[in-house]
Amino acid sequence: QVQLVESGGGLVQAGGSLRLSCAASGRTFRTYSVGWFRQAPGKEREFVAATSWSGGGTFYADSVKGRFTISRDNAKNTVYLQMNSLKTEDTAVYYCAAKNTIVAITMEQAYDYWGQGTRVTVSS
């Protein structure tokens with residue numbers, strides 16, 4: 001069992017940066033792949049980024065490629081999402097999710113554990 005807690009959301013101006021954190025409980029977290037998803041108001045949840053258990057494999061949605069970076073520190077049981085050059089369309093609740101597998105996964109339905117989300121608001 002893994003419990004996930006996101007933090008780091010907030011209000012930022014367009015062009016600014018935020019770093020989200022996903023802290024996990026459980027000593028086996030290093031064997032879990034982790035993804036970030038987001039849900040904007042009135043829209044369905046969408047994939048943002050994913051990392052394999054080692055951090056060696058990563059995937060990004062086209063809309064964030066080159067602006068967002070996913071990374072992990074297994075010693076701290078934490079996965080990060082560095083978000084730069086934020087746009088108003090990045091406004092959403094951001095969720096992290098985990099699955100006990102070695103490969104990075106982009107499909108929302110594949111994940112077993114989810115956090116409660118952290119809200120990101122980008123103002124113009």
Side-chain angles (χ1 to χ4, degrees):
Q1 190 80 2
V2 172
Q3 291 185 324
L4 305 173
V5 178
E6 303 94 335
S7 62
L11 174 64
V12 63
Q13 286 191 325
S17 298
L18 282 174
R19 188 177 78 159
L20 305 184
S21 298
C22 173
S25 62
R27 289 182 292 178
T28 61
F29 183 65
R30 67 184 64 240
T31 67
Y32 283 68
S33 293
V34 175
W36 283 97
F37 294 78
R38 66 186 182 186
Q39 186 167 21
K43 296 188 177 181
E44 294 191 350
R45 191 156 55 186
E46 64 176 3
F47 168 75
V48 175
T51 178
S52 63
W53 70 278
S54 67
T58 57
F59 288 103
Y60 296 93
D62 287 343
S63 59
V64 307
K65 204 170 293 183
R67 299 188 298 121
F68 291 11
T69 302
I70 188 171
S71 62
R72 66 189 299 161
D73 185 341
N74 284 339
K76 295 183 177 180
N77 275 9
T78 302
V79 173
Y80 304 98
L81 185 68
Q82 178 67 44
M83 306 187 297
N84 299 328
S85 302
L86 282 162
K87 305 176 181 180
T88 55
E89 51 262 46
D90 294 319
T91 294
V93 177
Y94 284 71
Y95 300 88
C96 66
K99 182 177 180 63
N100 190 357
T101 186
I102 63 173
V103 297
I105 303 171
T106 62
M107 292 187 301
E108 175 181 350
Q109 301 91 323
Y111 284 94
D112 298 316
Y113 303 100
W114 290 84
Q116 294 299 308
T118 185
R119 186 175 300 277
V120 172
T121 303
V122 184
S123 63
S124 58

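- A distance of 11.0 Å separates CG in Asp90 from OG1 in Thr121, rounded to the nearest 0.5 Å.
- Of the possible polar contacts, one joining the Ser33 side chain to the Val103 backbone as a donor-acceptor pair under 3.5 Å is found.
- Interatomic distance, Cys96 SG to Glu6 CD, rounded to the nearest 0.5 Å: 4.0 Å.
- Contact detail for Ser85 and Ser17: the closest heavy-atom pair is N-OG, 4.3 Å.
- Not one N or O on the side chain of Arg45 forms a donor-acceptor pair closer than 3.5 Å with the backbone of Val93.
- Note on ring orientation: taking the six-membered ring where Trp is involved, the planes of Tyr94 and Phe68 are tilted (angle from 30° to 60°).
- The environment of Glu46 atom CD is dense: over 12 non-hydrogen atoms of other residues, nucleotides or ligands sit within 6.0 angstrom.
- Other residues, nucleotides and ligands contribute only 12 or fewer heavy atoms inside 6.0 Å of the NZ atom of Lys43.
- Under the 3.5 Å distance criterion, the side-chain polar atoms of Thr91 are matched with a main-chain donor or acceptor of Val122.
- Remark: Gln82 CD to Ile70 CD1 distance equals 12.0 Å, nearest 0.5 Å.
- Between Phe29 and Tyr32, the ring planes are parallel. Angles under 30° get that label, and only those over 60° would be called perpendicular.
- The neighbour count for Gln39 CD, taken as heavy atoms of other residues, nucleotides or ligands under 6.0 Å away, is above 12.
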Original post:
Can you check side-chain contact (heavy atoms from CB on, under 4.5 Å) on Val120 and Leu20, steps first, answer last?
Top reply: CA-CA 9 Å; Val120 172; Leu20 305 184; 4.0 Å; yes
Original post:
Is there a ring pair (Phe, Tyr, Trp, His ring centres under 6.0 Å) between Phe59 and Phe47 once you walk through the steps?
Top reply: CA-CA 10 Å; Phe59 288 103; Phe47 168 75; 7.6 Å; no
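- For the atom pair Asp112 CG and Asn100 CG, the distance stands at 8.0 Å (nearest 0.5 Å).
- In plain terms, the two heavy atoms of Trp53 and Ile102 that are nearest each other are CD1-O, 2.9 Å.
- How far OG1 of Thr101 is from OH of Tyr111: 9.5 Å, rounded to the nearest 0.5 Å.
- In summary, the side chains of Thr78 and Asp73 do not present any donor paired with an acceptor at a separation below 3.5 Å, with no hydrogens or angles considered.
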